[in-house]
Structures are given as structure tokens and as C-alpha cells.
Amino acid sequence: MTNMKKEKIGFTCAYTPIAMADAAGYIPYRVLPVSEVPDQAGRILHDNLCPHVKRVLDRALENDLPEDLTGMIFMNSCDAMRRLADAWMETRPKDKVIILDLPTTPEKIDISFFAQELSRLSDTLAAWSGSRITAGKILQSIDQYNRIADRIQTLNSFLADGKLKGSGKRLQELINLATSIPFEDSLKLLDDEIIKNKNHPAEMNGIPVFLFGNVMPDPEFFSLIEDCGVQIIGNDFCTSTRMFSQLPCKKEESIFAQLSGHILGKPPCARSFDPSHPGKIADDVVQKAKSLGARGVIGHSLKFCDPYLARLPMVRDTIQGTEIPLLLLEGDCTLRSFGQQKTRIEAFAEMLR
Amino acid sequence: MMKQYFDDLVNGIEAKIKEDPGSMSPRKIYALEVAKIGRRLYGGEERVAWCGVTAPFDLLAAMGITSCFVEFVGAMLASTGMVSEFLAEAEQAGFAGDTCAYHKSVLGAARKNLMPVPDFLIATSCPCTGGLAVMENLARHFKKDLFVLNIPQEETDQSVQYLADQIQDMVRFVSNHTGEPLSEDRFREAIANTNKAREIMVDVYKMAMNLPSPANGRLFGNFGIVVALLLGTQAAVDVATVYRDSFKEMLKNKVSGIPNERYRLLWIQNRIQFKNPLIEILETQYNASIISDELNDITWDPINPDNPYIGLARRAISIPFNGQGRRRIRHLQQMAKDYRIDGAINPCHWGCRQGSGARGLVSKGLGEIGVPVLNLEVDCIDSRNFAQGQLKTRLEAFIEMLDNRSSPWN
Ligand code: SF4
Ligand code: SF4
């Protein structure tokens, strides 16, 4: 591994401009809600906050974090995330913390405000690291990030064709790694994986389904799902492919405006939306499932996640007008309740046969 | 059904005041003006906009729009005891039981055609994520245009300008729907009314700080948040004025909000909106009075009529639910000091991530200045699981604890 001495800057949201952390000389590290530490965040927050933020806070409370993690970039993506940022600062007062405002809509005016937020991030990272971050350096890091996104896209297409050894589970393992190690190491890892799988024969071992939701970083989840008789041919989670999408910034001048436009223009998760097309998320899920040739859709959301909980009925209503059946599951970032879900997924797969 | 309800309410209050002018209390005038908003919303004759909580209602009023935040409907359904049916309707439609019942009840009401179809909708990203989501759902349901105001978290020159520019875009959006431009004169008049009401409310809140306070648990409940709906109109000035006059009179005559005020309490976030005996128990059994609500405060400067968008933007950004938790806690600490608060009650409304999510830090922050907080577990809208006995016991224990400690202000 290279750059072993680099410090880590944590993040928790797929909208985080991680290329900027890389440009500042840090390793962007996604603090995933995966840990063996006891549940205790509800004491500070409230039990009715999503398990994503509670689990991340549990990790902070128990110091279940890399020793070289010295700061956090929080995005103002939802109420829960704001409260997590508050609690984090209280729990780890020595950490450097910045909270970026993230508009919910991608209008011109929003893009220019978010560009100012990115500039503030750049200044803050420079102050943290003690060295200036040039536009050229940011562009280089974005370029590397884009190459990672490209590799993830390739592996995702392998997944869709049934060519990826280890299927959905392997893709999630790779994405988890790619969000916690230096960019250059990620690229090497992903390139090797592509070489390994390039000539792997396509296999369909189950009914093709499309999976979407918010947070599910446990690779085991994907193989457990596939053990129920389905094959994942595409997935769209904040912790999976949504983490990496192309940011085609071209030139050094107005770098923040370009980056802002691409980040806000990313395929949105439920916390962002297009006011001229309310409920577009529902139409997007249907369109994606159809374009992949999925015979069923499985939605997996976390308990207490307002952005998703409030939009799932729209997804359900929209999908009802199509031939594609939908199964909705609710989880808590762990596999604790998988036993109950298993029977439902098996029945769903049976119904799709 | 709702039109009838609001008609009856307005007529009933007006008749009572006419019959017995001495019965005119500030709360009655406030209720009358709020009922009039309901009547206009449901009257079918005016242009209506469903909004988020931090929309600029004064500006919308100047544009001839009857506007209201949707949560108002949830509170109203709860206060009239009708909410269960609408919550059940929303849950039936797939809206999870764990979400904020203000929003669930509104979605249920829309599905049961109990919400007037708006001309358009204006969502605000503050105070909560759930509020934005409900507006997106309603826009899809009503097939009406939606405008979103992204309220920045912190007040900086850039963030204020960003919101001010959005508000100007909102004016264009509204004009495109009404076919009428914003009249500068009406806008100036609205801002003048807002500033006048603001100035009087500053006095009202100051008087409420008096020892003993002229306020009590019923007079002032939900005041700060609901009075925002009247801003820009003469009604806001009138309501503020009756409160000021009444408090002045009470202070002059040494009359307090409750007899023998013993404990001065602060209510955090929103009230329990359905009928319940908690306030009465506090007042009659323990002489403990809720003398203020968290949102009963003016956190913004007068709006400069020559540069109004900046002032409107600063006002929206300034509300205590916006921004980092530490800002909210500083505000609560200041209120506790100003009102010489003995203890605070936080209902921890089930389903409110922005509010309840700060529970631990709020308790700690007020604890640091010697003000204990009673955290309840209540759904402020959904009365189906209201555990009255249990809550009563918690109140008793809290008061007992206050009995055994000295006031933080001695
Ligand atoms: S979007 Fe949902 S899952 Fe993600 S932090 Fe917010 S509430 Fe939690
Ligand atoms: S109670 Fe909380 S979630 Fe519900 S409307 Fe108010 S701020 Fe939003």
C-alpha cells in the first residue's frame, strides 16, 4: 500500500466530494455503519433516528475508528445527518469537522451556492493540512476518482451480465474497500478485479432482480439475498454504486462550479429531487429495472429514514402500473432480522418464477 | 366539512365576543384570526399555496395568496379529535408508522380530499427533511407546480444572498401562476405590518419574562410558530397588540398567568396538539406554569423595506430549528436565563428526527446552566397511544425533583 502516513478524513454520505479530501493529501474514509460495538447512540440522539447514523455514532462513542482518522466531512443531507454531526462534535471534540450545506435541488442558483460551499471546504482542508490546494491538484484527484467510477461501472456491468465472480457480494466488498483506501490503491484493486473477471463466463443462477435503497454496506446481505433464488443484476444504494458516478470536470478555472454541477446533477437519492418532476425517484426505479431486464424489484430501506420512507409509497404506486413486482424490506444495517426477511424473499422469488 | 367547521368557529367566536365584550381574551382573538385563515383556505374563493414552515408568508400575502404550512392541518385535525382516521388512511397507503404524524395526517387528509387543492406549493428545507418529502408527495398527488426554498444552515453573507435570490425567484414563480406582478406598494405595506407586529411581540415576550409571568400554559401555546402565518397583515399587529395590552394590564394589576406561580417551565419545540390534561395538572396541582415555548421568540432583526429580500432570508435562517444543534442549545439557554426557567419539558415528538434527534444534547446544554429537562415520549399529533397515566407519573417525579433543588437563578 502507498501513502501509509496519510491521515484519514471520514465521511458518511455519497454526496461527499471525496476527491477534494484526496487533493488535500488525506485518505477519504467512509465510516460505515458496521461494527460489533454495543448500541448506545440512542441515548444521545433518539432511538427513532435511522440505524445508519446511530451505528456510526456508536463507532465514535467506542472509538471503533482508525487511529489516523483526524476529521470528518459531514453533508447536510437530512435531519439525521445533521444530528449526527452535532453528536460527533460532542463525542470527539478534538476532531476537525466541517458540515457542508447540500441543496436538495439542482437549479443554477443551487449549483452556484454549493460551489461556494466547495470553496469553503477547500479552504478548510487547506487549513487542516497546512498546504494550499490548487485547482490543478483537485482536477487530478477528480480524474482519479473518475477512473475509479469507471472501473466500478465496468464491474457493475459484469454484475448485470452475470459475469462477476462473487456477484453482488463481491461488488459490495470492492466498493467498501474503494471508499476506505487511497485512490491509487483502489484503482489497482479494481483493475486487477476487472482482469480477473473479464473472461469469466456469464452465469444466471436466479431470477434477475434490481435492488435499490439507502444504506446496506454488508456484503453478506447480497449473497444471502441471492441464496433465496434471485440474481442481483443491478443495485442502487448510497453505499454501493451511487457512491461513484462520473464528475466530468474539464478545466481548472471554475473548478468548484463544475464540480458542484456534477455532484448536484448526479442521479439523486431520495433526499434530493427535481421539483419539476415530483416523485421522479419512482419513475427512475421503474425505468432502471426495465432497462436492466429485471423481473422483479427489491427495495431495502432503513427504519426511520424519512427521505426513503416518505417516497416508497410513490415507488409502490408507480410500479403497480407495470408488470414488475416489488418487494419492500426494512432493515437496520445489520443482518439481525434477515431470518424473517429470508422467507419473504424466497416467496417473492417463487412468485417470479 | 372543513369549510363548515371554520365558518362555525369564526362565527361562534365573533358571536361570543359581541355578546360579551368582556370575554375577549388575547387567546380568543388569536384563535379567531387563525380560524379565519382556515376559512380562507377552505373557502374555495382565494388562491391557495400549501407551504413549508419557513416560507415568507408576509410576501405571499402581499401577492394575494392565502398560504399556510401543511403541518397546521395536522395540528388542527389533532386538536379537533379527528386525526386518527387520516393517520390510518396514510398508513394504509404505505406511509410508515414511524414518520412524523403531522405529515402523515396531512397525507391522509389529502388522500381523503380534505385538503383544498392548492394553486401551487412552496416547500422549505427547514425545519425538516420530512416536511420536504411531504411537499413532494403533495405536488405529485395534486399535480400542481412545486417551488423549493433551500434554507441554508448557517447565516453568512453568501448564504443569506442565496436565500434572498431564491425568494426573488419564488416571486417570479408565483407571478407566473397568478399572472400578476408583485405590487411594490403592497409589499412595503406587508413589511411595515411585519415590522410593527415584530416590535410589539418583542414587548410581549419581554413582559412574559416578568416574575410572576402574565403568561400561562394555554395563553401562549404554539404562539410563535402560528403567528408567522399572520405576518404581513393587520391581523398580526392586532393579535400582538391585544396580547401586549392584556399583559400590560395584568402586570399593572399584579395578576399572574396562574395563581401562586411556583415553577416556571419552558416547553421545547411543539405542543401536544390533542386535548390532554397535562398542562392543567401542572398548573392546578403543582402551580407550575409553562410560561414560554421554544419558538416564542424573535430571532430576527426588523426587515429593511428598501432591501426586504435580505431581511426575509435572515429571518428564515434564524429560526432555532435551523443549523447546528449548538446554536439551538445556545438559544434555549438564553431563553432559560431570560425567563428564569426552573425546568423544561421536551415532548420528543415521535417521528421528528430534527427535534428529538437533539434530545441528549438539549438535556446536556440546559443541564449545564442548572435547568433540568423532562424528556417525554409522546406523539404530539397521534393520540392513539397516549399514555396519560404514565406521563402524569413522570410529571409528578419531575416536580418532586424540582422541589428538592434550589432554583438556578437564586
Ligand atoms: S438519508 Fe436516510 S439512511 Fe441516510 S442518513 Fe438520512 S435518514 Fe439515515
Ligand atoms: S415535528 Fe419535526 S418532523 Fe414533524 S413537522 Fe415539526 S420539525 Fe418536522
Side-chain angles (χ1 to χ4, degrees), chain A residues 41-50 53 76-87 89-90 99-105 107 109-110 112-114 116-117 120 270-271 273 275-282 301 303-317 328 330, chain B residues 90 93-96 98-100 103 107 121 123 125 127-141 143-148 150-154 156 158-159 161-163 165-166 169 323-326 328-329 348 350-361 364 375 377:
Chain A
R43 276 191 297 117
I44 297 182
L45 301 168
H46 190 285
D47 285 328
N48 74 14
L49 263 75
C50 79
V53 305
N76 174 20
S77 44
C78 63
D79 297 339
M81 202 55 93
R82 271 203 304 278
R83 298 295 80 94
L84 171 64
D86 292 338
M89 289 188 279
E90 195 68 25
I99 307 163
L100 290 190
D101 238 327
L102 180 69
T104 53
T105 48
E107 309 293 334
I109 187 170
D110 306 318
S112 88
F113 174 68
F114 189 55
Q116 290 169 357
E117 285 294 274
R120 183 166 71 88
R271 62 79 55 195
F273 60 99
S276 66
H277 188 157
K280 182 167 178 291
I281 187 170
S301 66
K303 262 177 106 57
F304 309 122
C305 167
D306 286 333
Y308 274 86
L309 293 181
R311 274 129 184 144
L312 288 177
M314 292 194 278
V315 175
R316 204 184 66 170
D317 289 352
L328 289 177
E330 195 173 70
Chain B
F95 292 98
D98 298 323
T99 47
C100 171
H103 298 139
L107 290 165
L121 302 98
S125 64
C128 57
T129 311
L132 263 184
V134 80
M135 297 299 283
E136 190 189 2
N137 269 283
L138 290 175
R140 190 166 168 110
H141 173 84
K143 299 190 175 54
K144 292 289 176 184
D145 289 345
L146 171 66
F147 186 90
V148 178
N150 285 290
I151 315 288
Q153 290 291 291
E154 301 302 327
T156 63
Q158 281 113 327
S159 69
Q161 191 59 55
Y162 166 50
L163 182 53
D165 291 346
Q166 290 180 73
D169 282 350
Q324 291 183 24
R326 36 174 86 155
R328 180 178 183 196
I329 289 157
C348 304
W350 184 254
C352 176
R353 328 292 171 204
Q354 82 77 17
S356 303
R359 176 182 66 170
L361 300 181
K364 185 166 177 273
N375 287 317
E377 294 292 343

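Proteins come first, then strands; the chains are lettered A, B, ... in the order of their sequence lines, and each starts at number 1.
- Heavy-atom distances place no part of B:Thr156 under 4.5 Å from chain A, backbone and side chain included.
- Highest contact tally toward chain B, considering only A:Leu45, A:Asp86, A:Thr104, is held by A:Leu45 [criterion: heavy-atom pairs under 4.5 Å].
- Here the closest heavy-atom approach between residue B:Phe95 and residue A:Ala310 is recorded as CE2-O, 3.5 Å.
- Residue A:Leu102 does not touch chain B at all, counting heavy-atom pairs closer than 4.5 Å.
- The aromatic rings of B:Tyr162 and A:Phe113 lie parallel to each other, with less than 30° between the two planes, well short of the 60° mark.
- Most heavy-atom pairs under 4.5 Å with chain B: of the set A:His46, A:His277, A:Gln116, this distinction falls to A:His46.
- Within the 4.5 Å cutoff, side-chain heavy atoms of B:Asn150 are placed close to those of A:Thr105.
- Heavy-atom distances place no part of B:Leu121 under 4.5 Å from chain A, backbone and side chain included.
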Q: Could you give me the CA-CA distance, side-chain angles and deciding distance for B:Gln158 and A:Arg120, then say whether side chain to side chain contact (heavy atoms under 4.5 Å, CB included) is met?
A: CA-CA 11 Å; B:Gln158 281 113 327; A:Arg120 183 166 71 88; over 6 Å; no

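- Per-residue heavy-atom pair counts under 4.5 Å with chain A were compared for B:Ala96, B:Ala90, B:Gly94, and the maximum is reached by B:Gly94.
- Comparing A:Ala85, A:Cys78, A:Ala87, A:Pro103 by how many heavy-atom pairs each has under 4.5 Å with chain B, the most go to A:Pro103.
- Formation of a donor-acceptor pair under 3.5 Å by the A:Asp79 side chain with backbone atoms of B:Thr129 is found in this model.
- With respect to chain B, the highest number of heavy-atom pairs below 4.5 Å among A:Ile44, A:Ile109, A:Asn48 belongs to A:Asn48.
- Contacts of B:Lys143 with chain A are absent, with no heavy-atom separation under 4.5 Å from either backbone or side chain.
- Counting heavy-atom pairs under 4.5 Å between each of B:Leu132, B:Ile151, B:Leu107 and chain A puts B:Leu132 at the top.
- With a 4.5 angstrom heavy-atom cutoff, B:Cys348 touches chain A via backbone and side-chain atoms both.
- Side-chain contact between A:Arg83 and B:Gln354: present, with at least one pair of heavy atoms (C-beta onward) separated by less than 4.5 Å.
- Of the two parts of A:Asn76, only the side chain, counted from C-beta on, holds a non-hydrogen atom closer than 4.5 Å to a non-hydrogen atom of chain B.
- For the atom pair OG (B:Ser356) and CG (A:Asp47), the distance works out to 10.5 Å, reported to the nearest 0.5 Å.
- When heavy atoms are compared at a cutoff of 4.5 Å, B:Asp165 approaches chain A by way of both its backbone and its side chain.
- The choice from B:Ala93, B:Ala139, B:Gly323, B:Cys352 that makes the most heavy-atom pairs within less than 4.5 Å of chain A is B:Ala93.
- Chain A forms the most heavy-atom pairs under 4.5 Å with one residue out of B:Ser159, B:Ala358, B:Gly357, and that residue is B:Gly357.
- For the options B:Ser125, B:Ala123, B:Pro152, heavy-atom pairs under 4.5 Å to chain A are most numerous at B:Pro152.
- Most heavy-atom pairs under 4.5 Å with chain B, from the set A:Val53, A:Asp110, A:Leu328, A:Leu309: that is A:Asp110.
- In this structure a side-chain-to-backbone donor-acceptor pair under 3.5 Å is missing from B:Arg353 to A:Cys305.
- Considering only residues two or more places apart in sequence or on other chains, A:Arg271 meets the salt bridge (charged side-chain N to carboxylate O under 4.0 Å, His left out) condition with none of them.
- Note on A:Arg43, A:Met314, A:Glu107: by heavy-atom pairs under 4.5 Å with chain B, the leading option is A:Met314.
- Smallest separation of non-hydrogen atoms from A:Arg311 and B:Glu136: NE-OE1, 2.6 Å.
- Contact of B:Glu154 with chain A is made through the backbone alone, with heavy-atom distances under 4.5 Å.
- Contact of the B:Gln324 side chain with the A:Met89 side chain is registered, since non-hydrogen atoms from C-beta on lie closer than 4.5 Å.
- The part of B:Asp169 that comes within reach of chain A is its side chain, from C-beta onward, which places non-hydrogen atoms under 4.5 angstrom from that chain.
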